[in-house]
There are 2 protein chains.
Amino acid sequence: MSRPGRRATIIDVAARAGVSRQTVSRAMNDMPGISDETRDRVMAAAEELNYRPSRFGRGLVEQGPTTLGLVVGTLANHYFAELGAAVVRACAPHGWNVVLAEGEDSAHPEKAAADLSRRVDALVGYGVATAGIRGGGMPVVQLDGTAEHVPDVGVVELPREQAMTDLAAHLRERGARRPVVLDLGTDESAGRTRALVAALDGLVEDGQVPVRVVDARTGHPEALRAILAEGADTLVAFNDELAVRLLRALRRDGVAVPGDVRVTGVDGLEISTLVSPELTTLAIDIDEVAAVTVDLVAGMLAGRVPLRGEDAHRTVPYRLEVREST
Amino acid sequence: MSRPGRRATIIDVAARAGVSRQTVSRAMNDMPGISDETRDRVMAAAEELNYRPSRFGRGLVEQGPTTLGLVVGTLANHYFAELGAAVVRACAPHGWNVVLAEGEDSAHPEKAAADLSRRVDALVGYGVATAGIRGGGMPVVQLDGTAEHVPDVGVVELPREQAMTDLAAHLRERGARRPVVLDLGTDESAGRTRALVAALDGLVEDGQVPVRVVDARTGHPEALRAILAEGADTLVAFNDELAVRLLRALRRDGVAVPGDVRVTGVDGLEISTLVSPELTTLAIDIDEVAAVTVDLVAGMLAGRVPLRGEDAHRTVPYRLEVREST
DNA sequence: CTGAAAGCGCTAACAA
DNA sequence: TTGTTAGCGCTTTCAG
């Protein structure tokens with residue numbers, strides 16, 4: 001190609017094929033008004049140069065669709081994967097594209113989000129701080145954000161307080177007296193774990209609800225046995241992923257649920273209804289979260305909704321879903 | 001804004017703030033060499049006009065990262081959702097962005113894929129025909145494609161023959177004699193179902209392996225009871241999603257697995273290890289599928305690999321994963 | 001600190 | 001059937 005190391009452009013192809021840029025465009029886009037012979041020559045030249053049209057040049061003149069960027073902590077977490085799917089679905093009626101990115105694997109999650117913010121028309125983050133992003137007029141929405149984010153970005157808050165209170169009442173009614181909160185030991189899990197401990201505080205006679213850290217992927221069978229040996233009668237897992245793994249570990253050890261010990265999760269993933277026993281959990285309608293978020297973004301893009309402040313604040317609450325595991 | 005109905009551009013903002021376009025650029029991008037006063041004035045003008053920089057104009061001059069488009073049938077299927085997550089992960093080391101799209105919900109799946117193909121640097125399709133796309137030099141890869149696609153696009157083939165043969169042998173050894181294949185009744189499921197029937201043919205004494213259509217989301221308890229009443233001793237589900245729902249329905253009816261009936265799935269989703277009994281399935285390493293696919297695309301983009309033909313053909317086989325449900 | 005000029009790669013509209 | 005012209009919106013480079 002004309003400039004080695006650089007990607008071939010329409011000009012390189014035109015030169016090689018001995019035609020004008022416009023003729024190359026006609027050939028590449030299968031447009032009428034070009035002879036077969038010329039087309040073949042152009043296509044051959046394009047192939048030789050490994051030419052691909054730039055989507056930017058094309059988008060500039062064609063006015064491509066709105067693109068929404070979604071940054072989540074890690075797609076290894078099914079909750080984020082389901083959210084991604086829900087957001088894609090919610091964007092489809094608008095004709096928007098969705099760029100999905102993980103914050104966690106990159107060295108600087110905030111950097112990943114900031115980078116992406118320059119390539120999209122709007123940015124949604126969950127489990128990644130978006131508040132610091134200088135969007136330059138671009139809609140930025142923090143999912144699972146709190147009041148403190150409101151001055152900087154749009155916020156969709158997912159309050160769990162009421163559901164946690166309901167959970168505590170439910171567990172009390174079921175006779176639970178020695179709950180243990182199982183944490184993943186990550187930075188993000190800290191806040192939710194604190195909230196769970198606070199909500200369950202009324203259940204225990206003396207002292208505080210203990211917190212134990214277990215492995216996210218295995219549920220850490222040994223740690224689990226130690227916890228049960230200490231007399232725990234209820235395992236309150238940080239999320240459903242962990243809870244279903246705990247259920248598996250308990251099953252393998254022959255521990256009855258909810259007979260010997262109760263188990264609860266958080267998130268309301270579909271999987272919580274497919275395991276045995278079906279899991280009691282704090283659930284949220286992820287399609288509603290996605291719909292509310294996309295609607296908020298749409299309002300911002302249209303200029304109907306401000307980019308920050310109380311008017312850019314939405315709420316979708318968790319609710320208690322009682323099933324077999326308690 | 002200057003041209004009503006049209007999105008504001010940097011020129012509109014510059015005019016409104018009484019500065020040059022470059023000064024607007026400096027303000028929007030937080031660059032040095034601009035007075036606070038001017039910056040504020042520009043930002044105010046931008047906000048009033050609901051101005052957002054065009055990602056195309058920006059990308060044109062900045063040479064944005066490679067963007068890969070992934071079109072799947074429907075993200076409601078966990079298999080596709082996990083694939084999406086795996087592809088995002090596999091693209092991260094390259095610094096590529098991923099645009100995720102569903103083909104199924106749009107009226108014309110092929111149209112959705114063709115549209116997306118104009119907005120990305122490479123396209124990967126699964127459960128959606130990509131063969132007809134005139135990529136114009138753009139890498140197009142058909143996932144779960146077959147030899148017939150090879151002349152048109154890159155292909156990652158996911159052969160199930162050997163695994164199905166192994167499954168038949170395994171079931172025979174376990175004493176299965178009356179298998180039933182459970183289909184979803186969709187167009188896409190037909191091929192796999194035929195293959196399952198053929199592979200299991202040797203198990204039955206006389207006649208053919210029967211096929212029954214059941215509901216994807218519920219497993220259709222009534223249909224299931226009828227099937228068992230007919231004497232089926234093995235339920236070969238079209239995929240894991242269906243299989244775990246069958247397990248739930250059987251559990252609720254008090255049918256023992258594998259005691260009363262055996263159950264198998266296809267896909268090897270994580271959920272197949274979390275249910276009880278754990279599911280025997282034809283599994284594939286979805287991270288490997290993603291890695292092979294992304295590597296193929298990378299080769300095409302670099303010009304090392306042709307866009308079609310046998311050299312653009314990869315294979316990742318399914319394998320039999322025997323667990324508790326058989 | 002601010003502005004003018006150039007050019008990124010492409011396609012639509014018009015001219016030949 | 002082919003070529004020419006004129007932008008699309010933005011940032012970079014260079015002048016002031």
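So you know, we letter chains A, B, ... as the sequences are listed, proteins then strands, and number each from 1. Bear in mind that the values here come from a model prediction, so they are computed numbers and not experimental data.
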Kindly point out which of [options] is positioned nearest to the side chain of [X]?
X       : options               : answer
A:Leu60 : C:dG9, D:dT5, D:dT11  : C:dG9
A:Met31 : C:dA12, C:dG7, C:dT11 : C:dA12
A:Ser54 : C:dG9, C:dT11, D:dT12 : C:dG9
B:Thr9  : C:dG9, D:dC8, D:dC10  : D:dC10
B:Thr23 : D:dT12, C:dT11, C:dT2 : C:dT2
B:Ile10 : D:dC8, D:dC10, C:dC10 : D:dC10
B:Gln22 : D:dG9, C:dT11, C:dA4  : C:dA4

Return the value, rounded to whole Å, for the distance between atom [atom1] of [X] and atom [atom2] of [N].
X        : N      : atom1 : atom2 : value
B:Phe56  : D:dT11 : CZ    : P     : 14 Å
A:Gln63  : D:dC10 : CD    : P     : 10 Å
A:Ile11  : D:dG3  : CD1   : P     : 14 Å
A:Asn29  : C:dG9  : CG    : P     : 17 Å
B:Asp121 : C:dG9  : CG    : C1'   : 13 Å
B:Met28  : D:dG9  : CE    : C1'   : 13 Å
B:Glu37  : C:dT2  : CD    : P     : 8 Å
B:Arg21  : D:dT11 : CZ    : P     : 11 Å

ask   = Is B:Asp295 salt-bridged to B:Arg314, going by a charged N under 4.0 Å from an acidic O?
value =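 Looking at B:Asp295 and B:Arg314, the cut-off is not met.
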ask   = With nearest nucleotides of DNA chain C determined for B:Gly57 and B:Gly18 from heavy-atom distances, which residue corresponds to the more 5′ nucleotide?
value =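 Whichever sits nearer the 5' end wins; that is B:Gly18.
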ask   = 5'-most contact on DNA chain C: B:Ile34 or B:Arg118, nearest heavy atom basis?
value = B:Ile34
query = So, is A:Thr38 close to the D:dT2 phosphate, meaning a side-chain N or O under 4.0 Å from OP1 or OP2?
reply = yes
Side-chain touch A:Val71/A:Leu123, heavy atoms, less than 4.5 angstrom =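 They are in side-chain contact.
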task = Would you mind reporting whether B:Trp96 and B:Val88 have side-chain heavy atoms less than 4.5 Å apart?
result = no
inquiry  = Main chain of A:Val153, side chain of A:Arg308: is a donor-acceptor contact present, judged purely on distance under 3.5 Å?
reply    =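 Flag not set: sc A:Arg308 to bb A:Val153 has no pair under 3.5 Å.
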Main-chain N/O of A:Arg52 paired to A:Arg7 side chain as donor or acceptor, under 3.5 Å = yes
key: Under 3.5 Å donor-acceptor pair, B:Arg26 side-chain atoms to C:dG3 base atoms   =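 Counting by modelled atom types and ignoring angles, a donor-acceptor contact under 3.5 Å is found here.
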request  = Look at all strands and tell whether A:Arg52 reaches a base, only sugar-phosphate, or nothing, counting heavy atoms closer than 4.0 Å.
outcome  =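 If one applies the 4.0 Å heavy-atom cut-off, A:Arg52 turns out to touch the sugar-phosphate alone, with no base involved.
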